[in-house]
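Worksheet for the structure shown next.
In what follows, every chain begins at residue 1, and chains take the letters A, B, ... in the order their sequences are listed.
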Amino acid sequence: MLLALSSDQEFFRGTTAKFLEEHVPVGVLRRLRDDPAGFAPDYWRRGADLGWTSLLVAEEHGGGSISGAGLVDLTVVAHEFGRHAAAGPLVPTNVVAGALSTLGSDVHAGALSGLLSGTSIATWCLAEGPPHDGLGEVRTQIRVDGDELVVDGVKRPVESAAQADHLLVTGRTGDDLTQVLVPRDAAGISITPMHTVDLTRRFFVVSFDGVRVPAAAALGEVGKAAEDVERQLQQALVVVNAESVGALQAAFDMTVEWAFDRYTFGRPLASYQALKHRFADMKAWLEAAHAISDEAAAAVAAGAPDAGRLVSVAKAFIGSYGAELMQDCVQMHGGIGVTFEHDLHLFLRRLTVDRALFGTPAEHRRRLADLIVAQEDVA
Amino acid sequence: MTADATEDLESFRERARSFVRAHLRPAEGSSSSAGLLRADKTDEEELAAVARDREVQRMLFDAGLAGICVPTAYGGRGLTPAHQHVLNDELRDHEHPTRLQSPTFTPCMAVLLEFGTEEQKQRHVPAILRGEEIWMQFLSEPGGGSDVAGALTTAVRDGDEWVLNGSKVWTTGAWWSDWGLCLARTNWDVPKHRGLTVFMLPIRQAGIDVHRIEMLNGSKEFCQEFLSDVRVPDRDRVGEVDQGWTVGTRWMVHERMAFNSPLVTVPLGSGHAGVSGSSMAAIAAAGGRLDDPLALDLIGEAHMLDAVGSALNRRIGEGIATGTMSDQSSAIGRLFAGFASARRTTIGFELAGAAGAAWTDDDGELAERGNDFLMRQVSCIGGGTTEMAANVVSERVLGMPRERTLDRDVAFRDVPRSASHS
């Protein structure tokens, strides 16, 4: 979370935080566990009214930022989502809205306005299943057939696919990447729910079996989507990272409070040096997570040359050290920390999902190594 | 130079750039990694490097590029941390006076600026900025380690002078340095924090014997000083008598700020905090391991730690400067830098393979990694151990209960001390 928010950003943050506290308090999140969608359409529509889906959209398309860097403003929302383990498809909807605004034509205008008003949602079909589930691996085919595009392949995990009205599919045309916006109810699409650890996020396997859309449904030019996909990936990572840091902050605050309140052998946990030192490490990792998340967000928002590097650094760090921090929070709580009754798991769940999506820490370390080796020309 | 007060960043950058391009040499391949002080220079080479550092500092001073954030009244430029950052940016890949940054500019000059008398500041700060005075911290003692307030070095008043006796240790390069900032005990009859006073003293004088300590990797840059009846005029006292811990507390904050201090010049991308991720790729390349996924994972990890450490330092620096974080938050950066640097050293050693155990002069980047590993814990010890930093973070930042101590509210002379040290 940014150290210093502008007064407009602070107002925006406060509004979202208050809304989340009102509409998705922990009691509601627990009930949503059994809800097939994981969120109510009206909740999402009202969130969109607060600006949750407009920050990556250009002003002339009905969007706009607060600070001039919409992605940075979006991290303010994402942080609050993490802090409240909030429901709703924040990452995919924003990525698709941003892509539609940047790349879309008139045929996409209706979809974009639905996302902006929150009356519809969209999701991004990027990753595929094992053994081709590596970061950046795409096997789904998007073939040109006359004035149509034909999609064949299987995507997973796809967030909120069953709830989405539009699917942004990243696929391959020959050796090159192509993106196309497909209506969820198009013929040839089948959607199967997956198991997951998050209480309110829903993931699906989406199969495309000869799904046909008009050529105009393509986002950008056929076979030239590589840079767009990379930008979308960076944006998704920025949002996921900010959300993870929010979840870490909530879990850490909760655990520090616990350490003061919980007494053993006549002393609060917070008085034991063995535990104090672990809290010091956790605090260092937490502040570091904030720092690198914000730095990467600013770089991606500005389209800086080192944006891809920084966002991988952030994902690798938050995924690895953040996960250790979170598990330490569980450890500090003892047995209660692994019960459904306590609230800590809401944040553990969110972090666990975020860690695994859009590239694991190991995959991002590999991306970093490849960047550095190429940059340094040591090979 | 009142124009400095309004010098905008653009014109400052232009000025810095033209100076750097016209006068400075490219940076030498950084061989001193992670504060490990590799033993890669003869004494003559080391002295030549010190002389060059002084010369470059003087050139920076003459060009109006020294003491960017130091008030103009003391020879500085009275500019902002943003200007310092621009200078750091323009110095990328160029030489800079590495040996003058820490401890001379911070904590020593920082302490002088905060606690020195007008006369002391006039006498020393401009001289420091001209590269004429290199300062050391006479802080740690053989019997003390991290418990610096437990100083045993004694100062006894004798008219207008003080007479100092004792020993200080872990001064890096004291054998070629000029001045020491010294914490000494002036009162044994009060609790430890209330009987300390800070002095400044020239290092090259009859009463000070500088002994060079050989470290595990052969480096002899760390020193120990023995003070025998060193006479210090009272005008060289910094702060009030017996109030040395008021100075000491801020001293420690300035020390932990280290490379994050706006008083310090450090070229961006120079990986001052340790072995850089980039050099990890060079080690892997030297060992022919660039197609080994495990090696690539380690290269990525090392780079991650570097980049996160830099981002963390910037966040803490900004937080402290704007008051959104307490001064004590500098311990967070110190803690992180400690374990991150230790981990990077391990990675370098790992990437070296068997060359970590035995190497030849032709092994290039693979060489010396075993010695680096021997010295790995220096990053968690020097400048106050990570355990001390963890105490500060948990107690001062998170507000957890203080550790029980047996030296509070007791006259210092009655405090139990280690058996083997006097």
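The nearest pair of heavy atoms linking B/A281 to A/E376 is CB-OE2, 3.4 Å. The shortest heavy-atom contact between B/M400 and A/A259 is CE-CB, 4.2 Å. Considering every non-hydrogen atom in both B/E403 and A/S271, the closest pair reads OE2-O, 4.0 Å. In terms of heavy atoms, B/G300 sits closest to A/A369 at N-CB, 4.0 Å. Residues B/F336 and A/A284 share a closest heavy-atom pair of CD1-O, 4.3 Å.
Shown here is A/Q249, whose CD atom has more than 12 heavy atoms of other residues, nucleotides or ligands within 6.0 Å.
Between chain B and the options A/L368, A/V256, A/L3, heavy-atom pairs under 4.5 Å are most frequent for A/L3. In terms of non-hydrogen atom pairs under 4.5 Å with chain B, the most contact-rich of A/A4, A/A280, A/P361 is A/A280. Between chain A and the options B/G399, B/A389, B/G288, B/P401, the largest number of non-hydrogen pairs under 4.5 Å is found for B/P401.
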*Step by step, work out the side-chain contact (heavy atoms from CB on, under 4.5 Å) result for A/Q273 and B/E387.*
CA-CA 10 Å; A/Q273 193 174 41; B/E387 283 74 16; over 6 Å; no
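For chain B, no part of A/A289 is nearby; none of its heavy atoms comes within less than 4.5 Å. Proximity to chain A involves both the backbone and the side chain of B/N391, based on heavy atoms less than 4.5 angstrom apart. For B/L296, the parts lying near chain A are the backbone and the side chain together; criterion is any non-hydrogen pair under 4.5 Å. At a 4.5 Å heavy-atom cutoff, the contact between A/D294 and chain B is made by side-chain atoms alone. In this structure, chain B has a heavy atom under 4.5 Å from the side chain of A/F260, while its backbone stays farther away. Only the side chain of B/R314 has a heavy atom closer than 4.5 Å to any heavy atom of chain A.
Note that CG of A/D370 and CG of B/L290 are 10.0 Å apart. Values are rounded to the nearest 0.5 Å. Distance check: B/L398 CG to A/M282 CE gives 9.5 Å after rounding to the nearest 0.5 Å. Between the CD1 atom in B/I299 and the CZ atom in A/R365 there is a gap of 12.5 Å [rounded to 0.5 Å].
Using a cutoff of 4.0 Å between basic side-chain nitrogens and carboxylate oxygens, B/D297 and A/R366 are not scored as salt-bridged. Electrostatic pairing of B/R315 and A/E295 does not count as a salt bridge here, judged by no charged N lying under 4.0 Å from a carboxylate O.
Side-chain contact between B/L305 and A/Y321 is present, with heavy atoms from C-beta onward closer than 4.5 Å. The shortest distance between side-chain heavy atoms of A/H364 and B/M304 does not fall below 4.5 Å. In this structure the side chain of A/D281 reaches within 4.5 angstrom of the side chain of B/F339, judged on heavy atoms. With a 4.5 Å cut-off on side-chain heavy atoms, A/W285 and B/L312 do not count as touching.
Contacts between residues 301-315 of chain A and chain B, defined by a heavy-atom separation under 4.5 Å, are made by A/R309, A/V313.
When atom types are taken as modelled, the side chain of A/K283 and the backbone of B/V397 share no donor-acceptor pair closer than 3.5 angstrom.
Checked against ring pair (Phe, Tyr, Trp, His ring centres under 6.0 Å), B/W359 has no partners two or more places apart in sequence or in another chain.
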